[in-house]
S.K.: 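The structure follows.
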Number of protein chains: 2
Amino acid sequence: MESKGKKILIADDEPDILEIIQYNLTKEGYEVLTAKDGDEAIGKAKIVRPDLIILDIMMPKKNGVEVCEILRSQPTFKETLILFLTALSDEGSHVRGLEMGADDYVTKPISPKVLISRVNALFRRVNKEPEDKVLTVENLSIDPSKFEVMVDGKDVTLAKKEFELLYLLASRPGRVFLRNEILNQVWGNEVIVGDRTIDVHIRKIRQKLGLDCITTVKGVGYKFNL
Amino acid sequence: MESKGKKILIADDEPDILEIIQYNLTKEGYEVLTAKDGDEAIGKAKIVRPDLIILDIMMPKKNGVEVCEILRSQPTFKETLILFLTALSDEGSHVRGLEMGADDYVTKPISPKVLISRVNALFRRVNKEPEDKVLTVENLSIDPSKFEVMVDGKDVTLAKKEFELLYLLASRPGRVFLRNEILNQVWGNEVIVGDRTIDVHIRKIRQKLGLDCITTVKGVGYKFNL
DNA sequence: TTATATATTAAGAAATTGTGAACAGATCCG
DNA sequence: CGGATCTGTTCACAATTTCTTAATATATAA
């Protein structure tokens with residue numbers, strides 16, 4: 001498998017788990033580093049600046065929640081993905097964990113497949129909007145940071161879903177997004193909505209923009225074009 | 001919905017559930033087979049080689065976990081997707097299930113929509129980047145990600161089937177595709193269409209492209225040539 | 001030539017998307 | 001708090017496009 005160019009730091013005190021995870025994620029194409037306790041995790045994190053840190057809740061030196069707390073308090077790690085490993089027993093922890101700013105958690109015992117899919121999902125979720133770049137095409141500009149769309153210099157107000165949908169399409173002009181892709185990106189994997197929902201939003205966007213910038217590819221999906 | 005060319009085997013001892021799932025997945029375009037107990041599941045799996053096996057945990061003869069265990073021990077089913085159906089009560093099972101190499105699980109009672117989205121998600125996860133390569137031959141270029149065909153720099157709009165057919169032929173210039181091959185690749189194994197259907201599509205492509213790039217090999221099939 | 005395969009055409013079937021309205025739930029505002 | 005407004009979703013059905021078929025013409029190989 002090709003490299004995904006993503007660095008992952010795993011911290012767990014059980015060498016077996018460390019090894020299993022490392023093996024599987026490496027096979028997935030990630031660059032994997034390990035730490036066996038909280039302090040080591042923090043130390044390595046500062047050096048390698050990983051894209052994702054997987055933290056066992058229960059660890060010597062500093063536990064996962066503490067590590068998360070410390071890292072999150074630094075600007076450098078504000079955006080770093082953090083995923084907790086929790087035992088089924090400590091239900092409370094991962095609730096706290098997520099409140100603390102973890103991005104996901106996986107309960108032990110760990111299934112490599114599940115972990116991999118969660119990790120991939122995290123990166124997918126993040127890569128969705130790598131930057132809040134303002135998209136500008138001809139007389140249309142889309143500013144995700146301000147949540148603002150302008151046509152011919154005039155403000156157009158889009159609802160959240162409409163905006164997200166437009167931004168997704170416009171982020172790759174010409175490329176066709178399958179209906180499924182759109183659902184995953186805008187609505188999320190777990191949400192289920194009816195067939196016509198996308199259409200309705202597309203229509204609203206077309207209507208509000210007053211531009212013919214979204215092309216229907218029948219039986220396939222939609223694409224942005226100007 | 002068009003065929004996805006994926007075979008799914010469902011094993012559950014409750015006929016109602018079996019029927020509901022079969023109905024919904026069939027409607028989604030999958031080819032669905034059923035089994036009412038563990039042994040039947042294993043038997044059918046060996047014969048039909050499904051792409052995905054949906055196993056109820058609680059079943060007569062052999063339960064889902066056992067079936068999974070047995071199948072996973074054979075090289076043939078190393079890569080086969082397995083999804084468990086679990087009652088909310090037996091929490092422990094699906095943990096074990098996932099460890100065993102299941103790829104996902106869905107808890108009963110089953111919502112067809114949820115199940116469908118999970119199944120689609122599984123296949124999406126597995127289907128790693130299919131040939132999204134842009135094909136370019138002389139003054140013709142075919143871009144599957146944009147679903148776009150250009151001749152001499154001008155856009156030509158093809159319908160889905162037309163596009164798929166052209167892309168298939170053009171992906172191996174010179175090679176003759178048997179009519180059967182074409183049917184399998186573009187329409188899917190189980191879809192039955194009349195003899196003339198392919199011809200009609202071929203004709204439309206020739207017409208729209210305005211190029212003589214598809215050659216008829218009488219009695220055999222078609223090939224792409226430029 | 002004759003039998004068979006393919007091309008062409010038009011028409012209807014099937015599938016997909018567009019549209020307007022209705023609705024519940026959020027959200028806003030006084 | 002209560003009403004007004006906005007959002008997201010669904011639904012039914014219209015509009016459109018795509019796909020398939022069937023009938024006929026044409027081409028090709030033996």
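Keep in mind that what you see is a predicted model, and the values were worked out from it rather than measured. Proteins come first, then strands; the chains are lettered A, B, ... in the order of their sequence lines, and each starts at number 1.
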S.K.: If I take atom CG in residue B:Asn180 and atom P in nucleotide C:dA5, what distance separates them, rounded to the nearest angstrom?
M.R.: 13 Å
S.K.: Measuring only between side-chain heavy atoms, which start at C-beta, is B:Asp155 closer than 4.5 Å to B:Met150?
M.R.: yes
S.K.: Could you tell me whether the phosphate oxygens of C:dG18, OP1 or OP2, come under 4.0 Å of any side-chain nitrogen or oxygen in A:Tyr222?
M.R.: yes
S.K.: Listed by chain and number, what are the ring-ring contact (aromatic ring centres under 6.0 Å, His included) partners of A:Phe147, not counting sequence neighbours?
M.R.: A:Phe163
S.K.: Using the salt bridge (Lys or Arg N to Asp or Glu O under 4.0 Å) criterion, which residues pair with B:Arg179? Sequence neighbours excluded.
M.R.: B:Asp199
S.K.: Using side-chain heavy atoms (C-beta onward) and a distance below 4.5 Å, is A:Ile182 in contact with A:Trp187?
M.R.: yes
S.K.: Taking only heavy atoms on the protein side, list every residue of residues 196-208 of chain B lying under 4.0 Å from any atom of DNA chain C, sorted numerically.
M.R.: B:Arg196, B:Asp199, B:Val200, B:Arg203, B:Arg206
S.K.: With a strict under 4.0 Å distance from non-hydrogen atoms of chain B, what nucleotide opens and what nucleotide closes the contacted stretch of DNA chain D, reading 5' to 3'?
M.R.: D:dT18 to D:dT28
S.K.: Which residues pass the salt bridge (Lys or Arg N to Asp or Glu O under 4.0 Å) test with B:Lys46, not counting sequence neighbours?
M.R.: none
S.K.: I want to check something: taking the side chain as every heavy atom from C-beta on, are B:Thr197 and B:Leu183 in contact at a cut-off of under 4.5 Å?
M.R.: no
S.K.: Just so I know, are the side chains of B:Leu55 and B:Cys68 near enough to count as touching, which here means a heavy-atom distance under 4.5 Å?
M.R.: yes
S.K.: Could you check if a side-chain atom of B:Leu71 sits within less than 4.5 angstrom of a side-chain atom of B:Ile53, using non-hydrogen atoms only?
M.R.: yes
S.K.: Under 4.0 Å from OP1 or OP2 of C:dT17: is there any side-chain N or O of A:Arg179 that close?
M.R.: yes
S.K.: Tabulated below should be each protein N or O lying under 3.5 Å from an N or O of nucleotides 22-24 of chain C; please produce it.
M.R.:
none

S.K.: Does anything in residues 157-164 of chain A reach DNA chain D, meaning a heavy atom under 4.0 Å, and if so which residues?
M.R.: A:Ala159, A:Lys160, A:Lys161
S.K.: Going by side chain to side chain donor-acceptor pair (under 3.5 Å), name the pairs with one or both residues in residues 213-226 of chain A, residues two or more places apart or in two chains.
M.R.: A:Arg206-A:Thr216
S.K.: What pairs with A:Arg203 under salt bridge (Lys or Arg N to Asp or Glu O under 4.0 Å), at least two apart in sequence or on another chain?
M.R.: none
S.K.: Which residue pairs satisfy the salt bridge (charged side-chain N to carboxylate O under 4.0 Å, His left out) criterion with at least one member in residues 168-177 of chain A, sequence neighbours excluded?
M.R.: A:Arg175-A:Glu181
S.K.: With B:Leu209, which residues qualify under side-chain contact (heavy atoms from CB on, under 4.5 Å), at least two apart?
M.R.: B:Leu140, B:Val149, B:Val151, B:Val156, B:Leu166, B:Ile205, B:Leu211, B:Cys213
S.K.: Name all residues meeting the salt bridge (Lys or Arg N to Asp or Glu O under 4.0 Å) criterion together with A:Glu148; count only those two or more places apart in sequence or in a different chain, and write none if there are none.
M.R.: none
S.K.: Side-chain N or O of A:Thr216 less than 4.0 angstrom from OP1 or OP2 on C:dG18?
M.R.: yes
S.K.: Indicate, yes or no, whether a donor-acceptor pair under 3.5 Å links the base of C:dT16 to the side chain of A:Lys218.
M.R.: yes
